[in-house]
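Bear in mind that the values here come from a model prediction, so they are computed numbers and not experimental data.
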Amino acid sequence: MFHQLKQGHSFTINEIPEPKRSNGKTNNDNVLLSSSPSPRAIVVLLGWMGADTKYLQKYADRLYHSRNCATIMVVANPYSVFWKNDHQLEQCAHRLVIHTTSVLRMLDNTHTHDDDDDDHFKIPIILHAFSNGGCYLVQALENMILSNENNNNNNASGGYSDPDILLFGAHLKGQVFDSAPCFVTLEKKLMAWQQTTKNLGKPQKNPMTYAYVVLVFVFLLVMDWARQQISRIFILFRNNNNNNPQQQAVSNRYIQFWNHMRRCQSSSSSSDEQLQLCCRFSSLNQAFIYSASDDITLVKPLEALIECRKQQQQQQQEKQQQRPQKKKGSFDPSSSNSIILVHKFDDSPHVSHYKHHPREYEQVIDTFLNQTCSAATN
């Protein structure tokens, strides 16, 4: 599947069906493109719902290839994102892990290192997630890594390849969030889907396509509303004697998603899992890029999430200083050098911050890459 890495390219995983081009190929074709035979990092670009890979390619070329980073572009099926179909999102995340670790092993074969160094070279993996279309994949990846590491002595990792997930988790060193994560409401889902249909062109040019999209969207909204009502009735019936509203609401997949991203520890039965998430991923380098003018990403919940993560990272750094050094091959977040970068713009729309503020955006990425890559090689 993989060939010699070429300059200025990316590996693409696109789950959006597209019409065939003049050469007979589609964007669903697996095309290996990378920045150099010896990149300083592998950056996984996790696209927003319905993202066109030609726009992600601009981030790959201008942001990362020019900085000697390999890139892998991933766009999940928009219907999986809209419905938050966790099973399909996990399948997409699994394919992403397989491709990324294949690139890692190929780079390892071309890298010269000492024979007695069984930890290989530490090229970091960085996740760059756009909106919730990317964050849902971040959640799936983190769940896979955590589950696999808890069961790395057997095959109880949900059917996924243990060595690949372990290798991916060992190299994961940073996360960049662009316009994300988004606190999910019905209004924001409507606006996100509307933005997804922008690449269809003007309505008068594609009237039948627009009519079809509108009908599908109305059907999805009705079905989503009905499913939520049925879910609420089921939860109330199941928890008839339970007066704790937080515990009742935890079954909602969007509440679960937000708690996962916030790493909050509630009084529910999932507190042990949230504690594991906090301990495992809070010490990763993180960057949040968002705007006060974003119509989809609510600023107040996002800023509260960022402050919560800052507190958790500080707590993990204090605990890490008291722990003995871990053996080779295990995860070491280098928490003493961990950072959380935050850059808030005033006027840029959703997932368009780089377009409106390229210089400031690149400065954030430069600082993040320098910190993450230097920490990974220590």
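Residues forming a side chain to side chain donor-acceptor pair (under 3.5 Å) with Y59 (at least two apart in sequence, or on another chain): none. With sequence neighbours left out, K58 forms a salt bridge (Lys or Arg N to Asp or Glu O under 4.0 Å) with no residue at all. With sequence neighbours left out, the ring-ring contact (aromatic ring centres under 6.0 Å, His included) criterion links F345 to H343, H353, H357. Take H356 and apply the ring-ring contact (aromatic ring centres under 6.0 Å, His included) test, not counting sequence neighbours, and it matches no residue. Shown here are the side chain to side chain donor-acceptor pair (under 3.5 Å) partners of S291, two or more places apart in sequence or in another chain: there are none. Considering only residues two or more places apart in sequence or on other chains, N85 meets the side chain to side chain donor-acceptor pair (under 3.5 Å) condition with none of them. Residues that satisfy the side-chain contact (heavy atoms from CB on, under 4.5 Å) test with P301, not counting sequence neighbours, are F183, W258, L298.
Within the structure, the salt bridge (charged side-chain N to carboxylate O under 4.0 Å, His left out) test picks out the following pairs touching residues 68-85 (sequence neighbours left out): K84-D86. Counting only residues at least two apart or on different chains, no salt bridge (charged side-chain N to carboxylate O under 4.0 Å, His left out) pair has a member in residues 68-79. Applying the salt bridge (charged side-chain N to carboxylate O under 4.0 Å, His left out) rule to pairs touching residues 339-363 yields R67-E362, E303-K344, sequence neighbours excluded. The salt bridge (charged side-chain N to carboxylate O under 4.0 Å, His left out) analysis of residues 137-148, with sequence neighbours excluded, yields the pairs E142-R263.
No side-chain donor-acceptor contact under 3.5 Å links N132 to the backbone of C135. One N or O on the side chain of N370 and one on the backbone of D366 form a donor-acceptor pair closer than 3.5 Å. At least one donor-acceptor pair closer than 3.5 Å links the side chain of S179 to the backbone N or O of V351.
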Would you sort out whether H260 and Q256 count as a side-chain hydrogen bond (donor to acceptor under 3.5 Å, both in side chains), showing the intermediate values?
CA-CA 6 Å; H260 178 105; Q256 290 178 334; over 6 Å; no

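Here the side chains of F130 and L56 are in contact, with some heavy-atom distance below 4.5 Å. Side-chain contact between I289 and Y354 is absent, with no heavy-atom pair separated by less than 4.5 Å. The closest side-chain heavy-atom distance from L141 to E90 is not below 4.5 Å. A 4.5 Å side-chain heavy-atom check between V44 and L46 finds at least one atom pair inside the cut-off. Looking only at side-chain heavy atoms (C-beta outward), V74 and C92 come within less than 4.5 Å of each other.
Between Q91 and the choices Q88, H87, H94, R95, the side-chain hydrogen bond (donor to acceptor under 3.5 Å, both in side chains) rule is met once, by H87. No option in I125, L45, L96 other than L96 meets the side-chain contact (heavy atoms from CB on, under 4.5 Å) test with I72. Partner of F288 under the side-chain contact (heavy atoms from CB on, under 4.5 Å) criterion, out of V176, L305, L341: L305 alone.
Taking all atoms of both residues into account, the shortest heavy-atom contact from P124 to R40 is CD-O, 3.2 Å.
To the nearest 0.5 angstrom, L302 atom CG is 9.0 Å from D294 atom CG.
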